[in-house]
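Please read the structure below before turning to the comments.
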Amino acid sequence: MKRPTGKAVSLRRGDRRFDMAVLATSFSGRDPGRRPDVYVQASEVSDVVSALRQARDGQLKVSICSGGHSWAQNHLRDGGLLLDLSRLNAIEIDPKARTARVGPGCWSIDLDRALRKHDLFFPVAHAPDVGLGGFLLQGGFGWNSRALGLACESVVGLDVVLADGSQVHASAEQNPDLYWAARGAGPGFFGVVTTFHLKLHQRPKVTAMVMQVFHERWLEDVFTWAHEIGPSVSRNVEFQLLITPKTLFTGKSGVEVIAPVMAASWTEAREATAFLRRGPLRKHASVTTPLLPLSTMRMSAAAGQTHFPPKMHWCVDNMWTDAPIADLLPGLRKVSDTLPPAPSHALWLNWQPSRERPDMAFSMEASCYFAAYGEWRRAEDDARYQSWATERITEMAHLSKGIQLADENLARRPAPFMQEANRRRLEQIRGHYDPEGRFNSYMTAA
Ligand SMILES: Cc1cc2nc3c(=O)[nH]c(=O)nc-3n(C[C@H](O)[C@H](O)[C@H](O)COP(=O)(O)OP(=O)(O)OC[C@H]3O[C@@H](n4cnc5c(N)ncnc54)[C@H](O)[C@@H]3O)c2cc1C
């Protein structure tokens, strides 16, 4: 078990290290110009309690960050107190009970690595350094989530510090409305989660991946085929298409067809991914890899290096869609034709939701997920690229049911992210637990 060390850090605007400490909280290299008045980096739960009392006494709004992977940099607001939980990253595993207690600052890859020693598994995020805090609160599409459910479905309880500094536990039995809200409220949650209590799963015996690469001239054929076959693809395959200006192996603009699979045996893994090898388009693929054994940690590390390098400037937007493929194709083609340079990309994910979800705040999904990620290195290019993702998704918005909070961009483009009834209930629960509005809610356009 890792334990935080050292004292809490507390800085005020104007202090020498203030700017550096505030900007270091963010995965993004972009400085949005917004600054809190006070920055507190907690080292233990009592620091969280003290910070909330300080905020109450000073009438400061509170924003929170754990892993700092909010694309929108939701935690960076003007004024108020920023509470950094990155050092609350302890992992405590009970292999017999198949449960774990983890801090919100714990990275996805660290939990995955720790669980591997016990042959256990949790659907952590696909990039190594995504913090469990924000990931679990917004729902969490993790490794093998099509089979195991959203990661928040495996959260059985949470320790939360409320706006008045009191500490409570939330679960199906205790504070069930807070538990309901914590599974899907994402960046609009109104408490500080200091520990997540997780239900663990058996680690799949085989983790592997197969990949095909197509030149961009095959884009329409590949998407049409993927839409047709998507509903029949086994739930243990994360079937996804990446539109990229620089495909792996060829370096040309095109579509990468990727199929990670988690299975009980090689026979099962081969059978589940056979639709790719036997697909009608295989003859047009520039490359088809064999089914390669790859741990989730290797796949996460590779995704981090190739698609999500740190300290880049980003524009991101997304949509859930049930639209017919013929209606989507013009928008997909335009995304491909206008992508900013690599590693910018767009992701189409064959989701096909399970009908059985628990009653929780998370309530927006559709058969396919589509997200556009523009990335560039230099601040000078902000003006050129920063609207790209919003423009492309806005053009397709009439085909969308709503958005996922994982890749939210509400400050640029407001869109529904839960069912209306759930949104109303969430606001009622907020009113009960945070009556003075101490916590910042969703960062929407003013
Ligand atoms: C490279 C990359 C890869 C990603 N991959 C995936 C993926 O595979 N699947 C997926 O579902 N999502 C993915 N995401 C989205 C990611 O899950 C969300 O951005 C998530 O919010 C990140 O969590 P964090 O703790 O790192 O971020 P933070 O920026 O620290 O948190 C985001 C927001 O969540 C709230 N919050 C965070 N911690 C707490 C807490 N302890 N208590 C109360 N509120 C809190 C705050 O409002 C905060 O502003 C990815 C994002 C990136 C940048």
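Whatever order the structure lists them in is the order used to number ligands and atoms, beginning at 1.
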Students often mix this up, so state it plainly: with edges at 30° and 60°, are the rings of [X] and [Y] parallel, tilted or perpendicular?
{"X": "Tyr373", "Y": "Trp71", "answer": "tilted"}
{"X": "Trp351", "Y": "Phe141", "answer": "perpendicular"}
{"X": "Phe223", "Y": "Trp348", "answer": "perpendicular"}

[X] N/O to ligand 1 N/O under 3.5 Å:
{"X": "Leu132", "result": "no"}
{"X": "Ser66", "result": "yes"}
{"X": "Gly188", "result": "no"}
{"X": "Asp407", "result": "no"}

Quick test: of every protein heavy atom, which one is nearest to [atom], and how far off is it to 0.1 Å?
{"atom": "atom 41 (N) of ligand 1", "value": "Val193 O, 3.0 Å"}
{"atom": "atom 32 (C) of ligand 1", "value": "Ser70 CB, 3.8 Å"}
{"atom": "atom 43 (C) of ligand 1", "value": "Gly191 O, 3.1 Å"}
{"atom": "atom 18 (C) of ligand 1", "value": "Ala406 O, 3.8 Å"}
{"atom": "atom 5 (N) of ligand 1", "value": "Val130 CG2, 4.0 Å"}
{"atom": "atom 7 (C) of ligand 1", "value": "Phe141 O, 3.5 Å"}
{"atom": "atom 36 (N) of ligand 1", "value": "Leu137 CD1, 3.9 Å"}
{"atom": "atom 48 (C) of ligand 1", "value": "Ile64 O, 3.1 Å"}

Pull out every atom of ligand 1 sitting under 4.0 Å from any heavy atom of [X], numbered as shown with elements.
{"X": "Leu85", "result": "40 (C), 41 (N)"}
{"X": "Phe308", "result": "1 (C)"}
{"X": "His126", "result": "7 (C), 8 (O)"}
{"X": "Pro187", "result": "47 (O)"}
{"X": "Cys65", "result": "30 (O)"}
{"X": "Ala125", "result": "7 (C), 8 (O)"}
{"X": "Val192", "result": "42 (N)"}

Before we go on, tell me: are the rings of [X] and [Y] under 6.0 Å apart, centre to centre?
{"X": "His432", "Y": "Phe190", "result": "no"}
{"X": "Phe121", "Y": "His201", "result": "no"}
{"X": "Phe275", "Y": "Phe239", "result": "yes"}
{"X": "Phe417", "Y": "Tyr442", "result": "yes"}

Check [X] against [Y] and note the closest heavy-atom contact, atom names and distance.
{"X": "Arg34", "Y": "Arg77", "result": "CB-C, 3.9 Å"}
{"X": "Lys401", "Y": "Ala366", "result": "CD-CB, 3.7 Å"}
{"X": "Met299", "Y": "Pro260", "result": "SD-CB, 4.0 Å"}
{"X": "Thr194", "Y": "Val160", "result": "OG1-N, 4.5 Å"}

Does Arg235 have more than 12 heavy atoms from other residues, nucleotides or ligands lying within 6.0 Å of its CZ? yes
Self-check item: Residues Arg392, Glu395: salt bridge by 4.0 Å N-O rule
Solution: yes
With heavy atoms and a 4.0 Å threshold, my read on which part of Phe135 contacts ligand 1 is both
Within the 4.0 Å heavy-atom cut-off, what Gln138 brings close to ligand 1 is side chain
Closest to atom 34 (O) of ligand 1 by heavy-atom distance, out of Gly134, Ala185, Ser108, Ala303, is Gly134
Heavy-atom proximity to atom 26 (O) of ligand 1, picking from Cys152, Pro104, Gly131, Gly139, points to Gly131
Practice item. Could you establish whether Gly140 and ligand 1 come within less than 4.0 Å of each other, counting only heavy atoms on the residue side? Key: yes
- Message: Working note: Arg412 + Asp317, criterion salt bridge (Lys or Arg N to Asp or Glu O under 4.0 Å); need CA distance, chi angles, decisive distance, verdict.
- Response: CA-CA 9 Å; Arg412 278 184 175 270; Asp317 210 331; over 6 Å; no
